[in-house]
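See structure below.
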Amino acid sequence: MAQAPRFEPLPADFSSAPAAAEESVLALWRSEDTFAHVQRARAGGEAFVFWEGPPTANGKPGIHHVLARTLKDTVCRWQSMLGKRVERKAGWDTHGLPVELEVEKQLKISGKPQIEAFGVAQFNAKCRESVWTYKDEWERLSERIGYWLDYANPYVTYDATYVDSVWYVLARMHKAGLVYRGKKVLPFCGRCGTGLSSHELGQPGVYKDIPDPSVYVRFVLAQQPSAERESLLAWTTTPWTLPSNVALAVHPEREYVRARVALPVPKGAAKGSAGHEILWVVAERAKVVLGEHEELGRKFGRELVGTAYVPVFDVAVPEVEPGAWKPDPAGSFKVYSAEYVTVDDGTGIVHQAPSYGADDWEVARRNRLVVRQAVGAEGRLLCDIAGAPEGAKFGPAVRGTFFKEADKALAKDLKNRGLMFKDSEETHSYPHCWRCSTPLFYYAAPAWFVRTTALKERMLEQNRRIRWVPGEVGSARFGEWLENNVDWNISRDRYWGTPLPFWTCGTCEHERSVEGAGELARLAGKLPENFDFHKPSVDTITLPCEKCGGTMRRTNAVLDCWFDSGAMPYAQHGFPHVKGSAEKLRDQFPASYICEGLDQTRGWFYTLHAIGAFMTLEHPELGDGPAYSTCLVNGLVLDKDGVKMSKRLGNIVNPWEAIAKHGVDAVRWYLVGSAAPWLPKRFDPAALAEVQRGFFGTLANSYRFFQEYARIDRFDPADARIPQVAARPEIDRWLVSRTQSLVADVRRRFSDYDLAGGARSIETFVVDELSNWYIRRNRRRFWKGDSGADKLAAFATLHGALRAVSLLMAPLAPFTAELLWRRLEPGRGSVHAQLAPVADERLVAPELERGVEVVQRVVTMGRALREKVGHKVRQPLRALHVRSSDTAALELLRSRFASELVLDELNIKGWGSLGADDGKLCRLTAKANFRTLGKRVGGRMKAVAARIEALDPAQLALLRAGQAITLELEGERIEVTPEDVLIAVESTASFEVETDGRFVLWLDLELDDALVAEGLAREAVNRINGLRKDSGLAVEDRIALELAPGDDTLRAALAAHEPFLAAETLATRVRFVAADALPASEAWDLGRGHTLRARLERA
RNA sequence: GCGCCUGUAGCUCAGUUGGUUAGAGCACCCGCCUGAUAAGCGGGAGGUCUCUGGUUCAAGUCCAGAUAGGCGCACCA
């Protein structure tokens, strides 16, 4: 016979210091290389494709990363346990502004001129280093939280093979006609000197409320029709755009009023004493903007078109070539019509600065207006406009002033010159650069675009095939985003990024794309030694123009780094340039599952989707579906008061601290199990402690219990003498049945991405059913001396349940599961290499599960009743009486199994009466079963319900006997079956009962001498065992006991129950001595006036 | 302004296709147990299911509106 396994105890400090135990698991995984082993074991499995959204390693990971990574890890582990091959390639996002910004900070430089001065090559070298600042921290945390990822072979977005691949994607898009170069008004960051894409504008924290000026400016008519000065009144919140003004716009179909308004007067002077002026505003706004005024006339907007006015600033502002049209200087400083003008605020007259607004740009294009730029790409004035008055706290609006800072000086200047009608401040939400926080401005700059609008329908259609969890993120949020899709600005006038693979000819403007380093080498003749894709070396490569023979130079820009990460499905394999990458891509596309934060809707979720929509067209072998088929979205992690974590508030939870204190399994379990993943989550350390204690503590105790006795008895799960499940006692079959139900439930939920639901199911099972019911009920079976079939059955049942739990919890709590599994199944390797259990339907016993439910219900009521009547459970009582209308439940209670459970739990000698109704102590009441009847009788439900409540006992008896009865209602006959009537019992007794409508319970409270004696014996056992514990005895220590009862009744009672007493206290010898023989010991009060002294020693 | 989500006990959350008396954990109060023991268990108290209206025989659940919070979109001339 094989050696029985030694069930090792859990680490002694598992409950008090779980982190140490987890570290030991990590050490084991490291030494065994468990991850690699599991991956090898699944090498032949069907692929479950997971893509890791690449983090940037130049920032520290936080607690929200623990949530996201746990969700990723749990699903991957689960799928792996389903036998799937789950490749888990790590990835790093290494390009882009955030990196450059970090390096600028490091070098204590700021802005493009300083970078250029520092040297682009050196700057990019610094960037390449900087991206790894926190790589170790990321890897350490990922390892510590059990996030299994292949960090040995990550994809890195700056790697040559990666860039080579991204070039391929871009070049294919270019060849498909989807890439174009345009001049567009874009949100622009002056500090970074580059435009932002619309999804960068969607990053959290971009829109911030800041005070903006709100100014009403007079545009004085060039032709003054009367002696009183006449102006068009325009409103703006961006005075800095006024020097670049070239036109005004009005709505053609709106009415504008010519209003006579009193000029402002000094305090105390009569209104109008300073004279009047005439102002034009849209009719709807006249009252609000002008206040008291005299209406002199009205004109439609279209009638105002062509009206000329005097420029507000008489300075030479640089003009720029719009490119798309030839400007006509004669058109400047006139009124034009534009449909977009609204009357919700302002004056209905909109000042036009084409370079700084998309709508303005469009008006300028249609009317061939001149484009003036007083503010350049750095966000600073390109010429002197206005000085600051003496003593002003603000500076002048001179060349070099940052646009936001020019506002005050300009406003002051307008005021001094009498052109300011009204001047105030309003708080607006204003966009800021998502990384450097500089206020953005809209600016017309040349940029490269991907015509994603051409893919809109395809993206919408493919989106409908993605399973979003939760669904509304896809249907509403993402869908809406796609509906409003605009072309993707992929160019950034920066340094550290994938260079755009587009070359243009200086002579004939011919433009071409390059698919990768190979093609570049072919076109250029050869590439320099150690060719690097990055700036500046790539810019040294020129190509001969295939059209005119001129010289083609690469466009200066680099790629939006979001494109990098969106291209990871292809570039992580180096597709198509790396050998074998085509096969690899086909195997690993589309993703079965991705999971990131809600903020990625416009980030990675979009870029993957958009590029996927194109690549699946280019490469039909990739299928016609979306790039990913399931997307699990997780919400924000807030602090315990529901406040967003921020450095400023100091409420950031350090993941390391939480992990050190409670162990990462508790953190994982809490984060995933406490609520749906997409809901904002509060991180409450107190709740975390509760998870650790309540669930993990109980589970550990359950294992400890098993382990202790299994070891003593050398239990072997492979023992041939273990009875088949069918031959085990009911309570065992019950737990086996519940175990199977749990397996089925968790399988369904985990496979359905309902991780929280699965966690809850496991937790309920462990705490309520396994620990609090099964183990508590069956403790004695494990203690008893013999090693017979019953004991083996108990061991096997408990072992099976713990085994199932360790397997089911493995994806979510990988450490604890491993600790348990390795002890329960020594020599079988890692729990993570196992296949998930499959429920055995044949072992599910619904009648037993129902029976235990009934038992638990009656026991709970019985305990409440005992409490009510003041008899503690130690005092045995003669009988328990039960009344119920539920005949099936009564039948269950009568079974030996249930009877034993109930009577033992409640310490009662036997059933008193167990019946439906004796007509005296309780009464039956009937209620309609709305669920079954409702559908059938519909509108007559109320009447039927009333009739059922009024049924007489004879009819109830019929129903209880299983017969249907017929009700007459307004001439109609309604058949009522037993199922349609819910019969409840109600007590009519004058003494204490416990009832819940289903059962009525009462106790036989009469105590005879025998019951009292037994109660006393139990009291004695209780005290003696307390003493045992206080004396520091081990559980299996035998004792010699000396008892000194205070009176003869007690002496007789204890003597009568001596075998019981001895057995319960493990006394090998019990000796009764005189009361004064044990003077040193404490006298216990056993109640009813009895006292007892005792002494014990180890036998 | 528009869209989505959330609002259930003091706190954190469950609540299946509408159906009898809305549940759990924590905290609180009162007990119990003591061979899992620096654990464990039971009982009690605690709810106008945010509000209003509607559909329905029946609404925490469906519909409409309001309200509060969150997230997103748009506008911000």
Side-chain angles (χ1 to χ4, degrees), chain A residues 15-16 202 204 207 212 234-238 241 249 338 340-342 344-347 349-353 356-357 359-360 426 428-431 470 472-473 475-477 479-481 484 598-599 601-602 635-636 638 640 642 644 674-676 678-680 682 684 686-687 690-691 693-694 697-698 700-709 756-757 760 763-764 767-768 771-772 775-776 779-780 782-783 859-860 863-864 866-868 872-874 927-935 937-945 982 984 996-997 1021-1022 1025-1026 1028-1029 1034-1036 1064-1066:
Chain A
S15 294
S16 56
Y207 280 87
D212 268 336
W235 175 65
T236 181
T237 57
T238 53
T241 61
Y340 81 88
V341 173
T342 65
D344 301 334
D345 45 23
T347 63
I349 300 174
V350 181
H351 121 75
Q352 300 289 295
Y356 307 109
D359 291 325
D360 305 30
E426 271 176 36
H428 282 111
S429 90
Y430 194 88
E472 60 274 359
V473 171
S475 58
R477 189 169 294 212
E480 194 186 333
W481 163 248
N484 298 324
L598 191 56
D599 54 339
T601 310
R602 297 214 287 173
L636 259 61
L638 309 171
K640 69 175 170 57
K644 217 170 186 167
S674 62
W678 51 89
L679 298 175
R682 298 181 181 203
D684 182 3
E690 173 53 29
V691 167
R693 198 179 59 80
T698 303
N701 271 342
S702 301
Y703 174 75
R704 278 193 199 107
F705 177 85
F706 167 79
Q707 184 270 142
E708 203 166 309
Y709 296 103
R760 260 198 306 274
E763 198 167 328
T764 306
V767 174
D768 294 343
S771 167
N772 186 26
I775 294 184
R776 192 173 56 76
R779 277 185 291 211
R780 280 160 201 274
F782 295 88
W783 306 339
V859 165
T860 297
R863 276 200 276 250
R866 265 187 172 273
E867 182 140 324
K868 212 184 274 181
K872 46 177 75 168
V873 180
R874 273 199 290 269
K927 242 182 196 168
N929 182 351
F930 285 79
R931 199 190 281 262
T932 59
L933 271 170
K935 289 198 179 82
V937 305
R940 289 164 302 175
M941 189 62 226
K942 268 195 181 124
V944 173
L982 303 161
D996 67 346
V1021 167
N1022 167 262
N1025 278 335
R1028 273 185 64 109
K1029 190 186 163 194
V1035 293
E1036 67 275 14
E1064 289 297 307
T1065 61
L1066 292 190

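Remark: P of B/A36 and CZ of A/F705 are 6 Å apart, rounded to the nearest angstrom. Nucleotide B/G40 holds its P atom 14 Å from the CZ atom of A/R776, rounded to whole Å. For the pair A/L1066 CG and B/U34 C1', the interatomic distance rounds to 13 Å; values are reported in whole Å. Rounded to an integer number of Å, the gap from CZ of A/R874 to P of B/C32 is 7 Å. Note: CD (A/Q707) to P (B/A39) measures 19 Å, nearest angstrom. Between A/D684 atom CG and B/C13 atom C1' the separation is 12 Å, expressed in whole Å. B/G40 atom P lies 20 Å from atom CG of A/N1025, rounded to whole Å. What separates CZ of A/F930 from P of B/U21 is a distance of 7 Å, to the nearest Å.
Only the P atoms considered, B/U52 is 34 Å distant from B/G43, to the nearest whole Å. For the C1' atoms, the distance linking B/A59 with B/C51 amounts to 15 Å, nearest Å. Rounded to whole Å, the P atom of B/U67 lies 25 Å from the corresponding atom of B/A74. Comparing B/C32 with B/A68, their C1' atoms sit 44 Å apart, to the nearest whole Å. On the C1' atoms, B/G25 is 12 Å away from B/A9, given to the nearest whole Å. Distance noted for atom P between B/U16 and B/A22: 15 Å (whole Å). Only the P atoms considered, B/A45 is 13 Å distant from B/G23, to the nearest whole Å. Rounded to a whole angstrom, the distance from the C1' atom of B/U50 to that of B/G60 is 12 Å.
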Between protein and nucleic acid, restricted to nucleotides 2-9 of chain B and to nitrogen or oxygen atoms under 3.5 Å apart, what atom pairs and distances do you find?
| residue | atom | partner | partner atom | Å |
| --- | --- | --- | --- | --- |
| B/G3 | N2 | A/R477 | NH2 | 3.4 |

For nucleotides 22-27 of chain B, list the nitrogen or oxygen atoms of the protein found under 3.5 Å from its nitrogen or oxygen atoms, one pair per line.
none

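Both key distances under 3.5 Å define a Watson-Crick or G-U pair, and stretches of 3 or more such consecutive pairs in RNA chain B run B:1-7 with B:67-73, B:10-13 with B:23-26, B:28-32 with B:40-44, B:50-54 with B:62-66.
When heavy atoms are screened at a 4.0 angstrom cut-off, A/T860 is found touching the sugar-phosphate backbone but no base atom. At a threshold of 4.0 angstrom between heavy atoms, the contacts of A/S16 with the nucleic acid are absent. Among the heavy atoms of the strands lying under 4.0 Å from A/I775 is at least one base atom, whether or not backbone atoms are also near. Among the protein residues, A/R779 comes within range of the nucleic acid bases, having at least one heavy atom under 4.0 Å from a base atom.
In this structure, A/G694 and A/V767 approach most closely via the heavy-atom pair O-CG2, 3.7 Å. Taking each heavy atom of A/E1064 and A/N1025 in turn, the nearest pair found is O-ND2, 3.4 Å. Minimum heavy-atom separation, A/T1065 to A/R1028: O-NH1, 2.7 Å.
For A/T860, the side-chain contact (heavy atoms from CB on, under 4.5 Å) partners at least two apart in sequence or on another chain are A/R857. In this view, A/R874 and A/E1019 satisfy the salt bridge (charged side-chain N to carboxylate O under 4.0 Å, His left out) rule, not counting sequence neighbours. Annotation: salt bridge (charged side-chain N to carboxylate O under 4.0 Å, His left out) contacts of A/E690 (sequence neighbours excluded): A/R693. Annotation: side-chain contact (heavy atoms from CB on, under 4.5 Å) contacts of A/T241 (sequence neighbours excluded): A/T236, A/T238, A/H351, A/A353, A/Y356. With sequence neighbours excluded, the residues forming a salt bridge (charged side-chain N to carboxylate O under 4.0 Å, His left out) with A/R863 are A/E905, listed by chain and number. Here A/R704 pairs with nothing under the salt bridge (charged side-chain N to carboxylate O under 4.0 Å, His left out) rule; sequence neighbours left out. Shown here are the ring pair (Phe, Tyr, Trp, His ring centres under 6.0 Å) partners of A/F930, two or more places apart in sequence or in another chain: there are none. Residues passing the side-chain contact (heavy atoms from CB on, under 4.5 Å) test with A/A338 are A/A249, A/Y340, A/V341, A/V363, sequence neighbours excluded. Applying the side-chain contact (heavy atoms from CB on, under 4.5 Å) test to A/N772 and every residue at least two apart in sequence or in another chain returns A/R776.
In the set B/G43, B/C76, B/U34, the nucleotide with an atom closest to the side chain of A/D359 is B/C76.
For A/N772, a side-chain nitrogen or oxygen approaches OP1 or OP2 of B/G42 to under 4.0 Å. Under 4.0 angstrom from either OP1 or OP2 of B/A39 there lies no side-chain N or O belonging to A/N701. The phosphate of B/C32 has neither OP1 nor OP2 within less than 4.0 Å of any side-chain N or O from A/R866.
Considering OG1 of A/T698 and CG of A/D768, their distance stands at 9.5 Å, rounded to 0.5 Å.
Nucleotides of RNA chain B nearest to A/T1065 and A/S674 differ in position, and the one nearer the 5' end is that of A/S674. Nearer the 5' end of RNA chain B, as judged by each residue's closest nucleotide, is the contact made by A/N929, out of A/N929 and A/L598.
Side-chain atoms of A/S15 and base atoms of B/A39 include no donor and acceptor less than 3.5 Å apart.
A 4.5 Å side-chain heavy-atom check between A/F782 and A/E708 finds every atom pair outside the cut-off.
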